[in-house]
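Counting from 1, the numbers follow the sequence of the chain as shown.
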Amino acid sequence: MGKFEYLPEPNNSDTIRFFAKSNKEDIGFINFIFDSYEGIGNIRTLNENSGILEFRIAPDFLEEAEKLFEDFRKKISFHLISEEEAGPY
């Protein structure tokens, strides 16, 4: 699969979950860009103060999500984290 360390394998779920950390100030930008990719999945802010986000990606859009995450990493402070690093939510 791709180059993301915490990228979970698809299972019987309808979506593949990712967790990410970003600057609080970038959450609106991330939401706006992610929402513009209709059908790719959903995003949820788990902790606004810490910049913790959860993404639920449709399996058919996994490659697009990887490209989008890579673009985020090039342009803003954004990196994928494990569910444990995301903390309780």
Going from [atom1] on [X] to [atom2] on [Y], what distance comes out if it is rounded to the nearest 0.5 angstrom?
X     : Y     : atom1 : atom2 : answer
Leu68 : Glu63 : CG    : CD    : 12.5 Å
Leu62 : Thr15 : CG    : OG1   : 11.5 Å
Asp26 : Lys75 : CG    : NZ    : 12.5 Å
Glu48 : Leu53 : CD    : CG    : 10.0 Å
Arg56 : Asn42 : CZ    : CG    : 8.5 Å

Any side-chain heavy atom of Ile43 sitting closer than 4.5 Å to one from Ile30?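 Contact flag for Ile43/Ile30 side chains = yes.
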Ile81 side chain near Ile52 side chain, heavy-atom distance below 4.5 Å: yes
Lys/Arg N to Asp/Glu carboxylate O, Arg73 vs Glu70, below 4.0 Å: yes
Would you call the rings of Phe72 and Phe29 parallel, tilted or perpendicular, where under 30° means parallel and over 60° means perpendicular?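 Perpendicular.
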Look only at the side chain of Glu85 and the backbone of Ser82, and say whether a donor-acceptor pair between them is shorter than 3.5 Å. yes
Tell me whether Ser50 contacts the main-chain N or O of Asn47 through its side chain, where contact means a donor paired with an acceptor under 3.5 Å.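 Judged by distance alone, no pair lies under 3.5 Å.
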Looking at [X] and [Y], what are the two nearest heavy atoms and their distance?
X     : Y     : value
Arg17 : Glu83 : NH2-OE2, 3.3 Å
Gly39 : Ala58 : O-CB, 3.9 Å
Ser22 : Ile76 : OG-CD1, 4.2 Å
Ser77 : Asn23 : CB-ND2, 3.4 Å

Only one of Phe34, Phe18, Tyr37 forms a ring pair (Phe, Tyr, Trp, His ring centres under 6.0 Å) with Phe55, so which one is it? Phe34
Sort out for me which residue in Phe19, Phe78, Phe61 forms a ring pair (Phe, Tyr, Trp, His ring centres under 6.0 Å) with Phe69. Phe78
